[in-house]
Amino acid sequence: MIRQAVIMAGGLGSRLKDKTTLMPKGFIPIGNVPIVEQSVRKLFAAGIEEIIIGTGHCGEWYESLAAQYPGIILVKNERYAETGSMGTLACCAPLVWGDFLLLESDLVYDAIGLTVLINETHGDVLLASGSTASGDEVYLEPDTGGFLVRNSKNRADIPVLAGELVGISRLRKDTLGKMVAYMNAHLVDEPKLEYETAMSAVSAAQSARIFIRKIEYFLWREIDNASHLAMAEALYPRIQEAESLRQLRREVLLNPGPATTSDSVKYAQVCADICPRELEFGDVMEWITTELSLMVGKSGQIETVLFGGSGTAADEVMLSSCVPDTGKLLIIDNGAYGARLAKIASVYKLNFDALKSSGFMPLDVEAVKAKLLESAYTHCAIVYHETTTGLLNPVPELCRFCHDHGITTIVDAVSAFAAISIDMDRDCIDFMASTSNKNIQGMAGVAFVFCRKEALESIQSYPLRNYYLNLWDQYQYFKKTRQTRFTPPVQSLYALRQAIIETKLETIEKRYARYSACWEALVKAIKKLGLTMLVPEAAQSKLITAIIDPASPKYAFEDLHDCARQQGFTIYPGKLAEANTFRIANIGDIQPAEMAAFTTVLETYMRTL
Ligand code: PLP
Ligand code: MG
Ligand code: MG
């Protein structure tokens with residue numbers, strides 16, 4: 001798995017003259033987006049977690065890019081004017097910790113090139129193409145096995161031609177170390193060493209053989225001068241077309257999960273087979289648990305335990321594993337999911353009471369507090385966001401009260417996590433359930449339980465009420481072996497990894513702002529159409545909206561559903577006994593403009609009533 005990339009962006013770009021006197025080459029826009037930003041987006045979409053950019057000339061331009069994309073790390077080559085690209089690469093080398101992709105900053109290219117390198121069996125590989133006739137070709141000479149031995153801009157130097165250097169490679173950390181050593185040994189005779197020369201040197205010396213992977217008709221251009229820029233602009237529509245052919249049909253899911261996902265999350269599932277007991281897959285799962293933990297607490301405070309299963313599995317894990325026989329549990333039931341928690345508790349014959357509250361009016365926290373004290377409860381379980389109606393429960397306030405009274409808190413955050421900002425320590429949540437297919441925007445199949453460390457330690461001796469879903473056993477086994485006890489959903493985990501990369505890039509705060517903007521577009525239409533929302537606005541999550549069925553006798557949910565589905569929108573019926581509603585969720589990889597487009601479908605349907 002390739003997790004890092006390095007972009008060399010220190011160069012002066014002097015051949016582009018006035019265009020790059022005050023700006024690095026990477027910021028040349030094509031199709032209105034700086035080329036280096038396009039490259040950054042392609043790298044993150046290909047599953048790169050961290051991009052190190054080696055800057056130099058006008059390096060401050062990169063600071064705004066790094067501010068926009070968490071996951072970018074900048075390293076300045078202070079001697080950029082006196083060194084070549086290898087000098088910039090050497091500045092980045094200390095931050096590289098594994099296999100990585102190496103790119104030049106002045107490229108436009110078809111993202112398929114990244115996929116090809118990531119899929120390569122060779123650890124060190126350089127991408128080559130057929131003829132570009134660009135006038136600045138770097139020709140590559142192979143040995144008989146197809147490995148790099150020499151590069152030159154002079155075609156006559158290369159008796160056997162493997163192809164032209166593209167400027168995208170995949171290297172092992174070890175190979176980079178050898179290239180840096182080569183540079184240091186040649187500081188005097190080659191002060192402006194280019195990275196491709198260092199690659200040729202280490203490969204020819206056979207200390208690290210670098211394979212040449214040629215794609216004859218690869219769509220790419222490097223931009224070193226005005227004529228290259230013209231060529232790149234001419235090629236750009238073809239790159240866009242090639243990439244658009246790989247896009248999947250757009251279906252906007254306005255049901256409350258599984259939510260709409262990005263194409264990059266979908267494609268993350270398509271990868272080489274792996275046995276999940278290999279160390280490499282252990283790394284993937286460990287990274288997932290660490291990153292999920294960081295989304296809900298400070299470093300080192302939270303443990304995330306993964307299970308194969310849906311959100312209900314995570315709920316069942318918590319209830320069956322986190323309450324001792326001597327415990328007494330209060331379950332708040334103000335919707336279908338609160339009721340489900342009570343159902344699970346009854347299956348396990350826990351000592352519990354369910355406190356029923358309105359499915360659409362805000363929870364009376366004072367009444368809950370009084371109830372908790374009245375009967376000496378040891379545990380309290382609540383749904384953070386009742387997906388039944390869109391009602392948001394005052395979880396931090398209630399859990400803080402529980403904490404002050406020594407009551408362990410168990411929270412179903414299946415539809416809240418990754419949209420609502422949660423800090424389990426600040427909010428006094430001991431155990432919390434969620435799933436891979438809602439606001440985190442991954443695929444269905446992974447259930448997870450977040451645990452505050454001390455709370456988790458305290459459950460060790462609790463009875464084993466089931467086999468598969470035991471929290472302590474699953475946690476212990478993974479800690480010891482970095483494997484799950486049972487077969488994990490491999491492809492869903494790869495998708496979850498990509499979803500986490502994308503969540504970190506967007507940030508949970510901005511994701512909630514985007515969801516809220518979608519919700520506002522919906523609410524505007526609801527009001528315009530004279531429809532009524534079930535839950536008072538102030539108590540809504542802004543993640544899902546329950547709308548009272550239109551009064552017209554002609555109204556049928558199925559008709560509205562079919563009408564919306566034909567236009568690429570999927571909606572969901574209501575789920576509350578107390579009122580007839582339909583529900584529109586606005587979670588997932590969707591944009592406010594798409595919600596606005598849905599509201600015209602709703603409007604059109606409403607006119608038929
Ligand atoms: N809890 C809440 C709050 C939910 O919204 C859902 C599903 O929508 C679940 C639990 C159950 O999740 P699943 O259907 O993945 O089992
Ligand atoms: Mg060049
Ligand atoms: Mg160049």
Side-chain angles (χ1 to χ4, degrees), residues 7-16 20 24-26 28 35-36 57 84-85 88 103-109 132 134-139 151-153 164-168 194-196 220-225 227-229 231-232 253 255-259 307-319 332-344 381-393 395 410-417 419-420 432-440 442-449 469 492 541 543-544 572 575 583 585 587:
I7 299 178
M8 296 164 291
L12 290 161
S14 42
R15 281 175 286 171
L16 279 153
T20 50
K25 276 202 283 188
I28 292 172
I35 54 172
V36 72
H57 172 62
S85 55
T88 303
L103 296 95
E104 300 178 29
S105 67
D106 54 358
L107 301 173
V108 288
Y109 59 90
T132 59
S134 74
D136 193 41
E137 299 91 330
V138 174
Y139 300 104
N151 65 275
S152 175
K153 286 198 175 183
E164 295 179 17
L165 174 84
V166 169
I168 309 177
E194 299 295 347
Y195 80 102
E196 64 267 29
W220 75 282
R221 277 298 179 280
E222 182 195 26
I223 304 173
D224 282 326
N225 59 37
S227 113
H228 292 168
L229 179 55
M231 282 191 258
L253 302 184
N255 51 290
F307 290 85
S310 75
T312 307
D315 282 337
E316 190 157 340
V317 166
M318 294 196 299
L319 290 169
I332 316 301
D333 168 3
N334 57 351
Y337 296 103
R340 186 177 293 180
L341 293 180
K343 179 75 190 172
I344 296 169
I382 185 166
V383 174
Y384 205 125
H385 165 222
E386 251 308 345
T387 324
T388 327
T389 54
L391 183 64
L392 193 64
N393 279 325
V395 165
I410 295 174
V411 175
D412 169 335
V414 170
S415 61
F417 165 68
I420 309 277
M432 186 168 86
S434 197
T435 172
S436 52
N437 61 256
K438 292 208 193 289
N439 309 325
I440 193 76
M443 293 294 155
V446 190
F448 31 92
V449 178
L469 296 173
S492 294
S541 62
L543 302 175
I544 180 165
Y572 221 49
K575 199 174 184 166
R583 291 181 292 170
I587 62 171

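As the structure lists them, so they are numbered: ligands from 1, and atoms in each ligand from 1. Just so we're clear, the structure is a prediction, and the values are computed from it rather than from any experiment. Numbering of residues begins at 1 and proceeds along the displayed sequence.
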Novice: Could you tell me the separation between the OG atom of Ser541 and the NE2 atom of His385, rounded to the nearest 0.5 Å?
Specialist: 3.0 Å
Novice: Determine the minimum heavy-atom distance between Leu392 and Ile420, stating which atoms define it.
Specialist: CD1-CD1, 3.9 Å
Novice: Run through Ile7, Thr88, Ile223 and flag the one making a side-chain contact (heavy atoms from CB on, under 4.5 Å) with Ser105.
Specialist: Ile7
Novice: For atom 1 (N) of ligand 1, what is the nearest protein heavy atom, given as residue, atom name and distance?
Specialist: Asp412 OD2, 2.6 Å
Novice: If you count the atoms of ligand 1 from 1 in the order shown, which ones are under 4.0 Å from a heavy atom of Val383?
Specialist: 3 (C)
Novice: Shortest non-hydrogen contact from Ala381 to Leu319?
Specialist: CB-CD2, 4.4 Å
Novice: Considering the heavy atoms of Ser310, write down every atom of ligand 1 situated less than 4.0 Å from one of them.
Specialist: 13 (P), 15 (O), 16 (O)
Novice: Assess Thr435 for proximity to ligand 1: is some non-hydrogen atom of it under 4.0 Å away?
Specialist: no
Novice: So that I can check it, does any N, O or S atom in Asp106 come closer than 2.8 Å to the Mg ion (ligand 3)?
Specialist: yes
Novice: With respect to atom 11 (C) of ligand 1, which of Thr312, Asp315, Leu543, Leu341 exhibits the smallest heavy-atom separation?
Specialist: Thr312
Novice: Using a 4.0 Å cut-off to any heavy atom of Arg340, which atoms of ligand 1 qualify?
Specialist: 11 (C)
Novice: I need the minimum non-hydrogen distance between Trp220 and Leu165, along with the two atoms involved.
Specialist: CH2-O, 3.2 Å
Novice: Can you list the atoms of ligand 1 that are under 4.0 Å from a heavy atom of His385?
Specialist: 3 (C)
Novice: With atoms numbered from 1 as shown, which atoms in ligand 1 lie under 4.0 angstrom from a non-hydrogen atom of Thr387?
Specialist: 2 (C), 3 (C), 4 (C), 5 (O)
Novice: Please write down residue, atom name and distance for the protein heavy atom closest to atom 8 (O) of ligand 1.
Specialist: Lys438 NZ, 2.8 Å
Novice: Ignoring hydrogens, what is the shortest heavy-atom contact between Ala433 and Asp315? Give both atom names and the distance.
Specialist: CB-OD1, 3.6 Å
Novice: Does Tyr337 OH have over 12 foreign heavy atoms under 6.0 Å away?
Specialist: yes
Novice: Which is the closest N/O/S atom of Glu222 when seen from the Mg ion (ligand 2)?
Specialist: OE1
Novice: Could you check atom 6 (C) of ligand 1 against the protein and tell me its nearest heavy-atom contact, residue, atom and distance included?
Specialist: Tyr337 CE2, 3.2 Å
Novice: Which heavy-atom pair separates Ser415 from Leu543 by the least distance, and what is that distance?
Specialist: O-CD1, 3.5 Å
Novice: Would you say Asn437 has any N or O atom under 3.5 Å from an N or O of ligand 1, going by distance alone?
Specialist: no
Novice: Taking all non-hydrogen atoms of both residues into account, name the closest pair between Thr387 and Arg583 and its distance.
Specialist: O-NH1, 2.7 Å
Novice: Identify, for atom 15 (O) of ligand 1, the protein heavy atom at the shortest distance, and state residue, atom and that distance.
Specialist: Gly311 N, 2.8 Å
Novice: Please work out, at 4.0 Å between heavy atoms, whether the side chain, the backbone, both, or neither of Glu386 comes within that distance of ligand 1.
Specialist: neither
Novice: OD2 (Asp224) to the Mg ion (ligand 2) to OD2 (Asp136): angle, nearest 10 degrees?
Specialist: 80°
Novice: When you check the side-chain N and O atoms of Asn225 and Asp136, is any donor under 3.5 Å from an acceptor?
Specialist: no
